[in-house]
J.: 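Got a structure for you, questions after.
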Amino acid sequence: GVTLLPRPFANKKWIFLMLLDAALVSVAYVAAHLLRYDGRIPPPAAAAVAATLPFVIAAKMFGLYAMGVYRGAWRYAGAIDVIRLGQGVTAGSLLATAGLVLWTRLEGLSRGALILDWMLTFVLLAASRFSVKLLREYLAVQSEAGRRALIIGADSSAVFLVRMLRENP
């Protein structure tokens, strides 16, 4: 038989994005503890962070996938995608926290660092996605390909026209 993978796992770009997300989740988790302990994590807490990091990555990636963060293209990202990302980060953080409570009873882990981790994860993942979109739009504006146009009107069709002209000069 043939094993069919869900859509994100069948595309190289999505696999890269998931690996980037896993790296950013781990950076956020360690950075949250560094911020909590003013740059020097005590040895018992460092051991707890190192031991729980793989579980936290898995829980957060599952939360992101379950909330549909890996559906759709971030090239066309909007407010609904930010909400979906927030839901995914929140679900992953709640899942990770619940698992950590059951597994370690949070011994050696800071509760404040878990809140910082949630915030840093959201900021890093949102920045990684929107930086590509912002760079693409900035380069499109700088290219000056095409003629200038004056669009009169401020309704949704004028906004749609501006977007279409930027994407297809």
Side-chain angles (χ1 to χ4, degrees), residues 1-37 39-41 43-104 106 108-140 142 163 166-167:
V2 175
T3 304
L4 295 176
L5 296 173
R7 182 176 171 255
F9 296 107
N11 187 332
K12 291 178 187 175
K13 289 179 185 178
W14 286 108
I15 292 172
F16 173 75
L17 184 62
M18 289 176 149
L19 291 174
L20 176 66
D21 285 353
L24 291 175
V25 163
S26 61
V27 165
Y29 188 64
V30 173
H33 284 84
L34 284 170
L35 285 171
R36 164 60 181 88
Y37 293 111
R40 301 198 72 193
I41 304 174
V49 168
T52 58
L53 181 62
F55 173 74
V56 169
I57 293 171
K60 288 191 176 197
M61 294 303 292
F62 178 77
L64 292 170
Y65 183 78
M67 290 297 152
V69 172
Y70 298 111
R71 281 186 241 140
W74 280 91
R75 181 185 326 178
Y76 308 109
I80 192 71
D81 296 306
V82 175
I83 292 170
R84 188 179 299 140
L85 180 64
Q87 290 171 339
V89 169
T90 302
S93 292
L94 290 175
L95 182 63
T97 301
L100 291 174
V101 166
L102 293 174
W103 180 26
T104 67
L106 297 181
L109 295 172
S110 169
R111 287 149 186 84
L114 295 176
I115 294 170
L116 285 171
D117 171 53
W118 170 77
M119 290 187 294
L120 286 174
T121 301
F122 179 74
V123 168
L124 288 175
L125 293 182
S128 74
R129 281 152 171 79
F130 284 103
S131 63
V132 172
K133 183 176 179 175
L134 290 174
L135 181 64
R136 181 183 297 248
E137 288 183 10
Y138 175 76
L139 292 176
Q142 296 299 320
R163 285 187 184 152
R166 281 189 178 164
E167 290 178 12

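In this chain, residues are counted from 1 in sequence order.
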J.: A quick test of your reading: do over 12 heavy atoms of other residues, nucleotides or ligands sit less than 6.0 Å from CZ of F62?
T.: no

J.: Would you give the length of the straight line joining atom CG of L20 to atom CD1 of I15, rounded to the nearest 0.5 angstrom?
T.: 13.5 Å

J.: With V89 as reference, evaluate V69, V123, L64, L124 under the side-chain contact (heavy atoms from CB on, under 4.5 Å) test and give the passing residue.
T.: L64

J.: Run the side chain to side chain contact (heavy atoms under 4.5 Å, CB included) test on D21 and R129 for me, step by step, so that the C-alpha distance in whole Å, both residues' side-chain angles and the decisive distance to 0.1 Å come before the verdict.
T.: CA-CA 10 Å; D21 285 353; R129 281 152 171 79; 2.6 Å; yes

J.: So, do M119 and L35 sit near enough that their side-chain heavy atoms are less than 4.5 Å apart?
T.: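 They are not in side-chain contact.
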
J.: Just by modelled atom types, is the T90 backbone N or O under 3.5 Å from a matching donor or acceptor in the S93 side chain?
T.: no

J.: Check whether any side-chain heavy atom of I83 sits under 4.5 Å from a side-chain heavy atom of Q87, and report yes or no.
T.: yes

J.: Would you mind reporting whether V49 and L109 have side-chain heavy atoms less than 4.5 Å apart?
T.: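 Contact flag for L109/V49 side chains = yes.
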
J.: Taking salt bridge (Lys or Arg N to Asp or Glu O under 4.0 Å) as the test, write out the residues that go with R36, two or more places apart.
T.: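 Listed in chain order: nothing, the list is empty.
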
J.: Looking only at heavy atoms, which two atoms of P54 and A50 are closest? And how far apart?
T.: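 Closest pair (atom of P54, atom of A50, distance): CD-O, 3.7 Å.
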
J.: How close do A22 and M61 get, heavy atom to heavy atom, and via which atoms?
T.: N-SD, 3.8 Å

J.: Just how far is it from atom CZ of F55 to atom NZ of K60, taken to the nearest 0.5 Å?
T.: 11.0 Å

J.: Would you call Y29 and T52 a side-chain contact if the rule is heavy atoms closer than 4.5 Å?
T.: yes

J.: Once you round to the nearest 0.5 Å, how far does OG of S26 lie from CD1 of I57?
T.: 4.5 Å

J.: Can you list everything that forms a side chain to side chain contact (heavy atoms under 4.5 Å, CB included) with L134? Sequence neighbours excluded, please.
T.: none

J.: Locate the shortest heavy-atom distance separating Y37 from S110; write the atom from each residue and the value.
T.: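 Heavy atoms only, the tightest pair is OH-CB, 3.6 Å.
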
J.: If you measure from NE2 on H33 to CG on L114, what distance do you get to the nearest 0.5 Å?
T.: 5.5 Å

J.: How many angstroms lie between atom CG of L120 and atom CG of L125, to the nearest 0.5 angstrom?
T.: 10.5 Å

J.: What's the spacing between L85 CG and D81 CG if we round to 0.5 Å?
T.: 9.0 Å

J.: Before giving the answer on side chain to side chain contact (heavy atoms under 4.5 Å, CB included), spell out for T121 and L24 the whole-Å C-alpha distance, their side-chain angles and the decisive distance to 0.1 Å.
T.: CA-CA 7 Å; T121 301; L24 291 175; over 6 Å; no

J.: May I ask you to check whether over 12 heavy atoms, not counting those of I115, lie within 6.0 Å of atom CD1?
T.: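 Incorrect, the count does not exceed 12.
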
